[in-house]
Amino acid sequence: MLRKLMLRKVLSVALILFIFFAGTGFGPPAIIESSDGLTPLYQYQLDLVQKERNAPNVIAPAVAIIDGASGKALYTRNAHQRLAPASVTKIMTAILAIENGQLGDYVQIKVNGYAMPGSSIMGIYPGEVLTLEDLLYGLLLPSGNDAALAIAQHVGGSVERFVQMMNEKAAKLGLADTHFVNPHGLDEDGHYSSAYDLAMLGRYAMNNPTFAKIVGTKTYVARGRTTYTLVNGNRLLGQYEGVDGVKTGFTDNAGQSYVASVTRNGHRVFVGLIKSTDRYTDARRLFDYAFANFVWMDLALPSSPFYSISGKDGVKRELKVAVDRAEPFGRWETPYLRSFVQFDDDVLQKEAGDAKAKENVGSAKFYLGSSILGELPVKLN
(Lines give C-alpha, C1' and ligand atoms only; values in the text may rest on other atoms or scores of the structure.)
Protein backbone atom coordinates (compact mmCIF):
# COMPACT_ATOMS: atom_id res chain seq x y z
CA MET A 1 0.00 0.00 0.00
CA LEU A 2 2.85 2.38 0.90
CA ARG A 3 4.53 1.73 -2.46
CA LYS A 4 1.26 2.47 -4.26
CA LEU A 5 0.85 5.76 -2.40
CA MET A 6 4.42 6.77 -3.19
CA LEU A 7 3.98 5.82 -6.85
CA ARG A 8 0.75 7.83 -7.05
CA LYS A 9 2.49 10.87 -5.54
CA VAL A 10 5.42 10.56 -7.97
CA LEU A 11 3.04 10.29 -10.93
CA SER A 12 1.08 13.36 -9.75
CA VAL A 13 4.26 15.42 -9.52
CA ALA A 14 5.39 14.14 -12.91
CA LEU A 15 2.04 15.13 -14.43
CA ILE A 16 2.32 18.63 -12.99
CA LEU A 17 5.87 19.06 -14.29
CA PHE A 18 4.91 17.78 -17.72
CA ILE A 19 1.99 20.17 -17.98
CA PHE A 20 4.06 23.05 -16.67
CA PHE A 21 6.76 22.66 -19.32
CA ALA A 22 4.21 21.91 -22.03
CA GLY A 23 2.34 25.07 -21.03
CA THR A 24 5.36 27.32 -21.37
CA GLY A 25 4.91 27.07 -25.10
CA PHE A 26 7.10 27.07 -28.16
CA GLY A 27 5.62 29.81 -30.32
CA PRO A 28 2.06 31.16 -30.41
CA PRO A 29 -0.71 28.88 -29.11
CA ALA A 30 -3.11 27.33 -31.58
CA ILE A 31 -6.25 25.25 -31.35
CA ILE A 32 -5.42 22.06 -33.20
CA GLU A 33 -7.35 19.13 -34.63
CA SER A 34 -6.81 15.89 -32.78
CA SER A 35 -8.74 12.86 -31.64
CA ASP A 36 -6.97 13.21 -28.28
CA GLY A 37 -9.00 16.26 -27.39
CA LEU A 38 -11.70 14.27 -25.63
CA THR A 39 -9.41 12.54 -23.14
CA PRO A 40 -6.13 14.22 -22.10
CA LEU A 41 -7.02 16.22 -19.00
CA TYR A 42 -10.01 16.72 -16.75
CA GLN A 43 -10.88 20.06 -15.17
CA TYR A 44 -9.63 19.08 -11.71
CA GLN A 45 -6.22 18.32 -13.26
CA LEU A 46 -6.08 21.74 -14.93
CA ASP A 47 -7.09 23.33 -11.62
CA LEU A 48 -4.29 21.42 -9.90
CA VAL A 49 -1.76 22.79 -12.37
CA GLN A 50 -3.00 26.34 -11.79
CA LYS A 51 -2.55 25.94 -8.05
CA GLU A 52 1.01 24.74 -8.56
CA ARG A 53 1.83 27.86 -10.58
CA ASN A 54 2.44 31.24 -8.97
CA ALA A 55 -0.92 32.51 -7.72
CA PRO A 56 -1.14 36.25 -7.01
CA ASN A 57 0.10 37.19 -3.54
CA VAL A 58 -2.56 39.59 -2.25
CA ILE A 59 -3.80 40.76 1.14
CA ALA A 60 -7.52 40.78 0.39
CA PRO A 61 -9.14 37.50 1.51
CA ALA A 62 -11.88 37.72 -1.12
CA VAL A 63 -10.94 38.41 -4.75
CA ALA A 64 -12.13 37.71 -8.29
CA ILE A 65 -10.57 38.32 -11.70
CA ILE A 66 -13.14 38.36 -14.51
CA ASP A 67 -12.68 38.53 -18.27
CA GLY A 68 -14.68 41.47 -19.57
CA ALA A 69 -15.83 39.96 -22.87
CA SER A 70 -16.82 36.46 -21.80
CA GLY A 71 -17.47 36.89 -18.08
CA LYS A 72 -15.14 33.95 -17.44
CA ALA A 73 -13.53 33.84 -14.00
CA LEU A 74 -9.75 33.82 -14.46
CA TYR A 75 -8.93 33.56 -10.76
CA THR A 76 -11.00 33.48 -7.58
CA ARG A 77 -10.43 33.21 -3.85
CA ASN A 78 -13.42 33.24 -1.49
CA ALA A 79 -15.09 35.07 -4.35
CA HIS A 80 -18.66 34.23 -3.26
CA GLN A 81 -18.20 35.07 0.43
CA ARG A 82 -20.84 37.59 1.52
CA LEU A 83 -19.13 40.67 2.90
CA ALA A 84 -19.81 44.37 3.36
CA PRO A 85 -19.10 46.07 -0.01
CA ALA A 86 -18.78 49.70 1.19
CA SER A 87 -19.00 52.41 -1.49
CA VAL A 88 -18.59 49.97 -4.38
CA THR A 89 -22.37 49.79 -3.79
CA LYS A 90 -22.53 53.07 -5.71
CA ILE A 91 -21.91 51.25 -9.00
CA MET A 92 -25.45 49.92 -8.71
CA THR A 93 -26.80 53.31 -7.63
CA ALA A 94 -25.22 54.97 -10.65
CA ILE A 95 -26.30 52.44 -13.26
CA LEU A 96 -29.91 52.55 -12.02
CA ALA A 97 -29.89 56.34 -12.20
CA ILE A 98 -28.50 56.29 -15.74
CA GLU A 99 -30.97 53.67 -16.92
CA ASN A 100 -34.03 55.18 -15.23
CA GLY A 101 -33.35 58.91 -15.21
CA GLN A 102 -32.42 61.74 -17.57
CA LEU A 103 -28.94 63.22 -17.18
CA GLY A 104 -30.25 66.74 -17.81
CA ASP A 105 -32.97 66.54 -15.14
CA TYR A 106 -32.69 69.24 -12.50
CA VAL A 107 -32.80 67.84 -8.99
CA GLN A 108 -33.98 69.84 -6.00
CA ILE A 109 -31.62 68.81 -3.22
CA LYS A 110 -33.15 67.87 0.13
CA VAL A 111 -30.06 66.20 1.58
CA ASN A 112 -27.56 67.93 3.85
CA GLY A 113 -24.17 66.34 3.29
CA TYR A 114 -22.67 68.25 6.19
CA ALA A 115 -25.07 66.43 8.53
CA MET A 116 -23.27 63.16 7.69
CA PRO A 117 -20.12 63.42 9.87
CA GLY A 118 -17.30 61.00 9.14
CA SER A 119 -18.82 60.24 5.76
CA SER A 120 -17.44 60.86 2.27
CA ILE A 121 -19.62 63.56 0.72
CA MET A 122 -20.04 65.71 -2.35
CA GLY A 123 -20.98 68.61 -0.08
CA ILE A 124 -24.57 69.32 -1.23
CA TYR A 125 -27.17 71.00 0.97
CA PRO A 126 -30.96 71.56 1.01
CA GLY A 127 -32.12 74.12 -1.53
CA GLU A 128 -29.28 73.44 -3.98
CA VAL A 129 -30.25 72.59 -7.58
CA LEU A 130 -28.03 70.34 -9.68
CA THR A 131 -28.49 68.10 -12.69
CA LEU A 132 -28.68 64.35 -12.30
CA GLU A 133 -25.42 64.20 -14.27
CA ASP A 134 -23.72 66.48 -11.73
CA LEU A 135 -24.90 64.21 -8.93
CA LEU A 136 -23.56 61.15 -10.71
CA TYR A 137 -20.11 62.73 -10.85
CA GLY A 138 -20.48 63.62 -7.16
CA LEU A 139 -21.48 60.03 -6.46
CA LEU A 140 -18.69 58.27 -8.35
CA LEU A 141 -15.67 60.61 -8.11
CA PRO A 142 -15.50 61.75 -4.45
CA SER A 143 -17.91 58.92 -3.48
CA GLY A 144 -20.56 61.24 -2.12
CA ASN A 145 -22.96 59.50 0.24
CA ASP A 146 -25.09 62.63 0.14
CA ALA A 147 -25.25 62.39 -3.66
CA ALA A 148 -26.36 58.74 -3.32
CA LEU A 149 -29.32 59.75 -1.16
CA ALA A 150 -30.27 62.63 -3.48
CA ILE A 151 -30.16 60.32 -6.51
CA ALA A 152 -32.23 57.67 -4.72
CA GLN A 153 -34.89 60.21 -3.77
CA HIS A 154 -35.06 61.62 -7.28
CA VAL A 155 -35.02 58.38 -9.28
CA GLY A 156 -36.92 56.12 -6.90
CA GLY A 157 -39.28 58.63 -5.36
CA SER A 158 -37.94 57.53 -1.99
CA VAL A 159 -34.80 55.89 -0.70
CA GLU A 160 -36.79 52.78 0.26
CA ARG A 161 -38.24 52.34 -3.23
CA PHE A 162 -34.83 52.93 -4.82
CA VAL A 163 -33.24 50.24 -2.64
CA GLN A 164 -35.99 47.89 -3.78
CA MET A 165 -35.03 48.72 -7.36
CA MET A 166 -31.39 47.96 -6.54
CA ASN A 167 -32.26 44.48 -5.28
CA GLU A 168 -34.52 43.81 -8.25
CA LYS A 169 -31.67 44.74 -10.59
CA ALA A 170 -29.22 42.56 -8.64
CA ALA A 171 -31.56 39.59 -9.04
CA LYS A 172 -31.97 40.30 -12.75
CA LEU A 173 -28.20 40.35 -13.19
CA GLY A 174 -27.84 37.05 -11.35
CA LEU A 175 -25.90 38.52 -8.41
CA ALA A 176 -26.82 35.72 -6.03
CA ASP A 177 -24.63 36.88 -3.14
CA THR A 178 -25.77 40.51 -3.11
CA HIS A 179 -28.40 42.33 -1.05
CA PHE A 180 -28.67 46.08 -0.58
CA VAL A 181 -30.13 48.04 2.32
CA ASN A 182 -29.01 51.53 1.26
CA PRO A 183 -27.77 53.31 -1.89
CA HIS A 184 -24.37 54.41 -0.54
CA GLY A 185 -22.78 51.36 1.09
CA LEU A 186 -22.40 52.47 4.70
CA ASP A 187 -22.39 49.45 7.01
CA GLU A 188 -25.82 48.09 7.85
CA ASP A 189 -27.09 44.63 8.75
CA GLY A 190 -28.20 42.80 5.63
CA HIS A 191 -26.14 44.96 3.26
CA TYR A 192 -23.66 42.63 1.56
CA SER A 193 -22.12 41.49 -1.68
CA SER A 194 -19.18 39.37 -2.84
CA ALA A 195 -15.97 39.97 -4.75
CA TYR A 196 -17.37 38.01 -7.70
CA ASP A 197 -20.70 39.86 -7.76
CA LEU A 198 -19.00 43.24 -7.52
CA ALA A 199 -16.66 42.43 -10.41
CA MET A 200 -19.62 41.24 -12.50
CA LEU A 201 -21.57 44.38 -11.57
CA GLY A 202 -18.62 46.51 -12.67
CA ARG A 203 -18.49 44.55 -15.93
CA TYR A 204 -22.15 45.26 -16.58
CA ALA A 205 -21.86 48.94 -15.71
CA MET A 206 -18.80 49.56 -17.88
CA ASN A 207 -20.78 48.48 -20.92
CA ASN A 208 -22.76 51.70 -20.46
CA PRO A 209 -20.88 54.57 -22.20
CA THR A 210 -22.15 57.21 -19.77
CA PHE A 211 -21.04 55.26 -16.74
CA ALA A 212 -17.66 54.44 -18.33
CA LYS A 213 -17.09 58.10 -19.18
CA ILE A 214 -17.81 59.25 -15.62
CA VAL A 215 -15.58 56.71 -13.83
CA GLY A 216 -12.80 57.39 -16.33
CA THR A 217 -12.83 61.13 -15.52
CA LYS A 218 -10.17 62.46 -13.14
CA THR A 219 -11.78 65.79 -12.26
CA TYR A 220 -15.15 67.43 -12.87
CA VAL A 221 -16.67 70.78 -11.97
CA ALA A 222 -20.38 70.93 -11.11
CA ARG A 223 -22.04 74.34 -10.88
CA GLY A 224 -25.18 75.12 -8.96
CA ARG A 225 -25.52 77.85 -6.39
CA THR A 226 -22.14 76.55 -5.28
CA THR A 227 -19.26 75.36 -7.45
CA TYR A 228 -18.11 71.80 -6.70
CA THR A 229 -14.67 70.65 -7.82
CA LEU A 230 -14.82 66.86 -7.79
CA VAL A 231 -11.74 64.62 -7.83
CA ASN A 232 -11.77 60.92 -8.67
CA GLY A 233 -10.72 58.79 -5.70
CA ASN A 234 -9.51 55.91 -7.90
CA ARG A 235 -5.76 56.42 -7.55
CA LEU A 236 -4.82 53.80 -10.14
CA LEU A 237 -6.45 55.90 -12.86
CA GLY A 238 -3.56 57.22 -14.95
CA GLN A 239 -1.03 55.44 -12.71
CA TYR A 240 -1.34 51.87 -14.00
CA GLU A 241 -1.38 50.87 -17.66
CA GLY A 242 -4.89 50.48 -19.05
CA VAL A 243 -6.94 51.45 -15.97
CA ASP A 244 -10.24 53.00 -17.05
CA GLY A 245 -12.47 52.54 -13.96
CA VAL A 246 -14.30 51.84 -11.74
CA LYS A 247 -14.92 52.40 -7.94
CA THR A 248 -13.28 52.29 -4.51
CA GLY A 249 -14.85 51.88 -1.09
CA PHE A 250 -14.04 51.76 2.60
CA THR A 251 -15.87 51.04 5.84
CA ASP A 252 -14.82 49.37 9.07
CA ASN A 253 -16.57 46.13 8.07
CA ALA A 254 -15.55 46.13 4.41
CA GLY A 255 -12.01 47.32 4.86
CA GLN A 256 -10.75 48.59 1.53
CA SER A 257 -13.00 47.34 -1.25
CA TYR A 258 -12.37 47.90 -4.93
CA VAL A 259 -13.60 47.12 -8.40
CA ALA A 260 -11.10 48.03 -11.10
CA SER A 261 -11.06 47.72 -14.88
CA VAL A 262 -7.99 47.46 -17.12
CA THR A 263 -8.03 47.30 -20.92
CA ARG A 264 -4.95 46.17 -22.83
CA ASN A 265 -4.60 45.09 -26.45
CA GLY A 266 -8.35 45.16 -26.86
CA HIS A 267 -9.01 42.90 -23.86
CA ARG A 268 -10.69 44.16 -20.70
CA VAL A 269 -10.24 42.49 -17.32
CA PHE A 270 -12.07 43.28 -14.08
CA VAL A 271 -10.84 42.80 -10.53
CA GLY A 272 -13.13 42.74 -7.51
CA LEU A 273 -11.74 42.63 -3.98
CA ILE A 274 -13.00 43.16 -0.43
CA LYS A 275 -11.32 43.57 2.98
CA SER A 276 -7.90 44.61 1.76
CA THR A 277 -5.53 46.87 3.67
CA ASP A 278 -3.72 47.86 0.45
CA ARG A 279 -6.19 47.64 -2.42
CA TYR A 280 -3.97 49.29 -5.02
CA THR A 281 -1.07 46.88 -4.52
CA ASP A 282 -3.54 43.99 -4.52
CA ALA A 283 -5.17 45.19 -7.73
CA ARG A 284 -1.82 45.66 -9.47
CA ARG A 285 -0.76 42.13 -8.56
CA LEU A 286 -4.05 40.64 -9.71
CA PHE A 287 -3.90 42.43 -13.06
CA ASP A 288 -0.20 41.54 -13.46
CA TYR A 289 -1.12 37.92 -12.84
CA ALA A 290 -3.99 37.98 -15.35
CA PHE A 291 -2.08 39.53 -18.22
CA ALA A 292 1.06 37.44 -17.59
CA ASN A 293 -0.71 34.10 -17.31
CA PHE A 294 -3.62 34.29 -19.74
CA VAL A 295 -3.82 34.56 -23.52
CA TRP A 296 -6.88 35.43 -25.58
CA MET A 297 -7.54 33.05 -28.45
CA ASP A 298 -10.19 32.98 -31.14
CA LEU A 299 -12.23 29.81 -31.31
CA ALA A 300 -11.14 29.27 -34.89
CA LEU A 301 -10.18 26.41 -37.15
CA PRO A 302 -6.48 26.09 -38.02
CA SER A 303 -5.20 26.06 -41.56
CA SER A 304 -5.12 22.33 -42.25
CA PRO A 305 -6.15 19.80 -44.92
CA PHE A 306 -8.57 18.50 -42.29
CA TYR A 307 -10.50 21.73 -42.65
CA SER A 308 -11.03 22.07 -46.39
CA ILE A 309 -13.50 20.73 -48.96
CA SER A 310 -12.80 20.06 -52.62
CA GLY A 311 -15.65 21.06 -54.91
CA LYS A 312 -16.63 19.49 -58.20
CA ASP A 313 -14.54 22.16 -59.88
CA GLY A 314 -11.45 20.80 -58.09
CA VAL A 315 -10.98 23.97 -56.03
CA LYS A 316 -10.29 23.50 -52.35
CA ARG A 317 -12.06 25.86 -49.98
CA GLU A 318 -11.12 26.27 -46.35
CA LEU A 319 -13.62 26.01 -43.54
CA LYS A 320 -14.04 28.73 -40.95
CA VAL A 321 -16.35 29.31 -38.02
CA ALA A 322 -19.26 31.58 -38.87
CA VAL A 323 -19.23 33.42 -35.52
CA ASP A 324 -16.28 35.32 -34.04
CA ARG A 325 -15.63 34.30 -30.45
CA ALA A 326 -12.52 34.80 -28.33
CA GLU A 327 -11.80 33.15 -24.99
CA PRO A 328 -9.08 33.71 -22.40
CA PHE A 329 -7.03 30.64 -21.50
CA GLY A 330 -4.31 29.99 -18.96
CA ARG A 331 -0.99 29.42 -20.66
CA TRP A 332 -0.94 25.96 -19.05
CA GLU A 333 -4.26 25.15 -20.75
CA THR A 334 -3.37 25.93 -24.36
CA PRO A 335 -1.75 22.54 -25.16
CA TYR A 336 -5.10 20.88 -24.40
CA LEU A 337 -7.34 22.89 -26.71
CA ARG A 338 -8.86 20.81 -29.49
CA SER A 339 -11.43 21.30 -32.25
CA PHE A 340 -13.63 18.85 -34.13
CA VAL A 341 -15.83 19.47 -37.16
CA GLN A 342 -19.00 17.58 -37.91
CA PHE A 343 -20.26 17.98 -41.48
CA ASP A 344 -23.82 18.10 -42.70
CA ASP A 345 -24.18 14.98 -44.91
CA ASP A 346 -26.49 16.80 -47.32
CA VAL A 347 -23.94 19.53 -47.84
CA LEU A 348 -21.21 17.04 -48.70
CA GLN A 349 -23.30 15.86 -51.63
CA LYS A 350 -23.26 19.35 -53.09
CA GLU A 351 -20.50 21.20 -54.87
CA ALA A 352 -18.37 23.11 -52.37
CA GLY A 353 -18.92 26.32 -54.28
CA ASP A 354 -22.69 26.19 -53.89
CA ALA A 355 -23.98 29.44 -52.37
CA LYS A 356 -26.18 27.67 -49.85
CA ALA A 357 -23.35 25.39 -48.78
CA LYS A 358 -21.21 28.42 -48.02
CA GLU A 359 -23.65 29.54 -45.35
CA ASN A 360 -23.55 26.40 -43.21
CA VAL A 361 -21.65 23.21 -43.88
CA GLY A 362 -21.65 21.84 -40.37
CA SER A 363 -20.50 22.70 -36.87
CA ALA A 364 -17.24 22.84 -34.93
CA LYS A 365 -16.92 21.73 -31.32
CA PHE A 366 -14.11 23.13 -29.19
CA TYR A 367 -12.74 21.31 -26.16
CA LEU A 368 -10.43 22.10 -23.28
CA GLY A 369 -9.26 18.71 -22.17
CA SER A 370 -12.47 16.74 -21.70
CA SER A 371 -14.73 19.79 -21.24
CA ILE A 372 -16.58 21.31 -24.16
CA LEU A 373 -16.09 25.06 -24.55
CA GLY A 374 -18.70 25.60 -27.22
CA GLU A 375 -20.13 24.63 -30.56
CA LEU A 376 -20.09 27.10 -33.48
CA PRO A 377 -21.48 26.89 -37.02
CA VAL A 378 -18.97 26.37 -39.83
CA LYS A 379 -19.01 27.91 -43.32
CA LEU A 380 -16.79 27.85 -46.40
CA ASN A 381 -14.28 30.65 -46.71
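In this structure the side chain of V321 never reaches within 4.5 angstrom of the side chain of L299, judged on heavy atoms. T248 places a side-chain heavy atom less than 4.5 Å from the side chain of Y280. Between L237 and V243 there is a side-chain heavy-atom pair separated by less than 4.5 Å. Counting heavy atoms from C-beta on, the side chains of S119 and L186 come closer than 4.5 Å. Between V215 and N234 the shortest side-chain heavy-atom distance does not fall below 4.5 Å. Considering only heavy atoms from C-beta on, M122 comes within 4.5 Å of L230 through its side chain. Counting heavy atoms from C-beta outward, E133 and T210 have side chains that stay 4.5 Å or more apart. Looking at Y240 and D288, their side chains come closer than 4.5 Å, going by heavy atoms from C-beta outward.
Taking OH from Y196 and NE2 from H80, the interatomic distance works out to 6.0 Å, rounded to the nearest 0.5 Å. Taking CD1 of I151 as the reference point, atom OG1 of T93 lies at 7.0 Å (rounded to 0.5 Å). Taken from CG in L130 to CG in D105, the straight-line distance is 12.5 Å, to the nearest 0.5 Å.
For K247 and T89, the side-chain atoms include no donor-acceptor pair closer than 3.5 Å. Side-chain polar atoms of S363 and E375 form a donor-acceptor pair below 3.5 angstrom. Counting only N and O atoms by type, the side chains of Y220 and D134 include a donor and acceptor under 3.5 Å apart. Judged purely by distance below 3.5 Å, without hydrogens or angles, the side chains of Y192 and D197 never pair a donor atom with an acceptor atom. Side-chain atoms of N182 and H184 form a donor-acceptor pair, as typed in the model, at a separation below 3.5 Å. Side-chain N/O atoms of Q164 and E168 include a donor and acceptor closer than 3.5 Å.
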* To do: Under the side-chain contact (heavy atoms from CB on, under 4.5 Å) rule, what do N145 and S87 come out as? Steps first, then yes or no, please.
  => CA-CA 8 Å; N145 295 330; S87 286; 4.1 Å; yes
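Of all heavy-atom pairs between L173 and M92, the closest is CD1-CE, 4.4 Å.
Classification of the Y289-F294 ring pair by plane angle, with boundaries at 30° and 60°, yields perpendicular.
A single hydrophobic cluster is not seen to contain both F211 and V262; linkage of ILVMFWY side chains at heavy-atom distances under 4.5 Å, directly or through other members, places them apart.
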